[in-house]
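One structure is given here, and the rest of the page talks about it.
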Amino acid sequence: MEIRVQNVRKEFSRYPALHDVSLDIRSGELIALLGPSGSGKTTLLRLIAGLEAPTAGRIFFGAEDASSKSVQERNVGFVFQAYALFRNMTILENISFGLKVRPRATRPPRAEIRRRALELLDLVQLSGLEQRYPQQLSGGQRQRVALARALAIEPGVLLLDEPFGALDAQVRKELRKWLREIHDRTGHTTVFVTHDQEEALELADRLVVMSQGTIEQVGTPDEVYDRPNSPFVFGFIGESSGLPVEVANGEIWAGERPLGLPAPELPAGPALLYFRPHDVEIVADGPGLSGVVAAARRVGGTRRVELELGADRQRVEVDLPFDHPAGEKSRIGFRPRRWRVYPARS
């Protein structure tokens, strides 16, 4: 099922939550709506679901305008962060619920409902637990039940709102891999909301990065991570440091010092240099930056140091080999290997 969001605006009590948002979601795609709190990602998901109506604009499911259709008419499956399972029903009854409450004309026979629910229990790797109640399951198991219940109605679109947000880190990691496998097996058009960059990069076919009710960038994980189109996207996706610099004579300068980084396509003037802590090379002399170690911590097999640069003591982060001898107050010279430069906004 293809979804097209066309020039949608959403206001709550005259407060704009979305500004003229347009987005095309391909059939069978797993797409992530990613952004900080207040960016509009959950509002956009609820508009696609039919839980909210747009103030302006339209939403299409395939060629059909679904803007005024209800959740049931849109045939969407919804998975919430808080599971929303019925505590007084068994796991089997929870999964079967959406089919049992269908109008009689479209309701499958009881034996078919049971067969489908047991099939889904097997799909989400919970076979044998059908007579248990939600409170007898772990958080990860409950979220699997919630997904099975959403799939039971055979939705055209599957929507997930922070599905792993209430789970601990190890369970989230396991369920991310599992959800990707389920998606590849079922082929549903899937849209999920998250604020977790790692989760989005690992799971999604494409990312929709949102900020302040607008879409900043849409692209594959590699496109968004490697070629962010704005300082916001660079700073939000992955870890990064930013510095005010100058562009002059087709290269980047920090104060009176050339950094050895070309910028032939940028206009001369103030700019912002962004780079990632692991994408630097340590240099003893020559063009580059240098700073004094202000703090250090272990990150996996490397040591991440916080450097103070220049008289204004601007701070950036750089990764060093774990056995690097740098100590507090020592000076480190470095140069970004990969970077992006953006003209400074006036």
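The model shown is predicted, which means the values in this text are computed figures rather than measured ones.
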Does R116 come within less than 4.0 Å of E119, counting only side-chain N to carboxylate O? no

Should we count CD of E246 as having more than 12 external heavy atoms under 6.0 Å? yes

Would one find more than 12 heavy atoms of other residues, nucleotides or ligands at under 6.0 Å from atom CG of N249? no

Would one find more than 12 heavy atoms of other residues, nucleotides or ligands at under 6.0 Å from atom CZ of R313? no

Pair K173 + E202, salt bridge at N-O below 4.0 Å: no

Taking all atoms of both residues into account, what is the closest heavy-atom pair of Q135 and R87, and its distance? OE1-O, 3.5 Å

Could you tell me whether a side-chain N or O of T189 sits under 3.5 Å from a main-chain N or O of G28, the two making a donor and an acceptor? yes

Determine whether a donor-acceptor pair (N or O, by modelled atom type, separation under 3.5 Å) exists between the side chain of S67 and the backbone of I59. yes

Do T106 side-chain atoms and R102 backbone N/O form a donor-acceptor pair below 3.5 Å? no

Donor-acceptor pair, side chain of T194 and main chain of A200, under 3.5 angstrom: no

Salt bridge flag under 4.0 Å for residues D226 and R276: no

Is it true that R185 and E181 have a side-chain N and a carboxylate O under 4.0 angstrom from each other? no

Strictly below 4.0 Å, N to O, side chains only: are K100 and E93 in salt-bridge contact? no

Describe, in one word, how the ring planes of H278 and Y225 are oriented to each other, choosing from parallel (under 30°), tilted (30 to 60°) and perpendicular (over 60°). parallel

Consider side chain to side chain contact (heavy atoms under 4.5 Å, CB included). Of L320, V318, V299, which one does R304 pass it with? V299

Start with the C-alpha gap between V293 and E306, add the side-chain angles, then the distance that decides, and say whether side-chain contact (heavy atoms from CB on, under 4.5 Å) holds. CA-CA 6 Å; V293 176; E306 198 170 334; over 6 Å; no

Applying side-chain hydrogen bond (donor to acceptor under 3.5 Å, both in side chains) to H188 and T186, what does each step give before you reach the verdict? CA-CA 6 Å; H188 287 89; T186 61; 3.1 Å; yes

Identify whether the distance between the nearest side-chain nitrogen and carboxylate oxygen of E11 and R9 falls below 4.0 Å. yes

Look at E281 together with R335 and state whether they make a salt bridge at an N to O cut-off of under 4.0 Å. yes

Using the ring centroid of each side chain, check whether F80 and F78 are separated by less than 6.0 Å. yes

Should the pair F86 and F97 be assigned to parallel (<30°), tilted (30 to 60°) or perpendicular (>60°) ring geometry? tilted

Between R297 and E317 (salt bridge meaning N to carboxylate O under 4.0 Å), is one present in this structure? yes

Is a side-chain N or O of K41 found less than 3.5 angstrom from the main chain of M210, in a donor-acceptor match? no

Return yes if some donor-acceptor pair links the side-chain N/O of R303 with the main-chain N/O of P321 below 3.5 Å, else return no. no

Could you check whether atom CZ of R257 has more than 12 heavy atoms from other residues, nucleotides or ligands sitting under 6.0 Å from it? yes

Tell me whether the NZ or CZ atom of R340 lies within the 45° cone about the ring axis of Y274 and under 6.0 Å from its centre. no

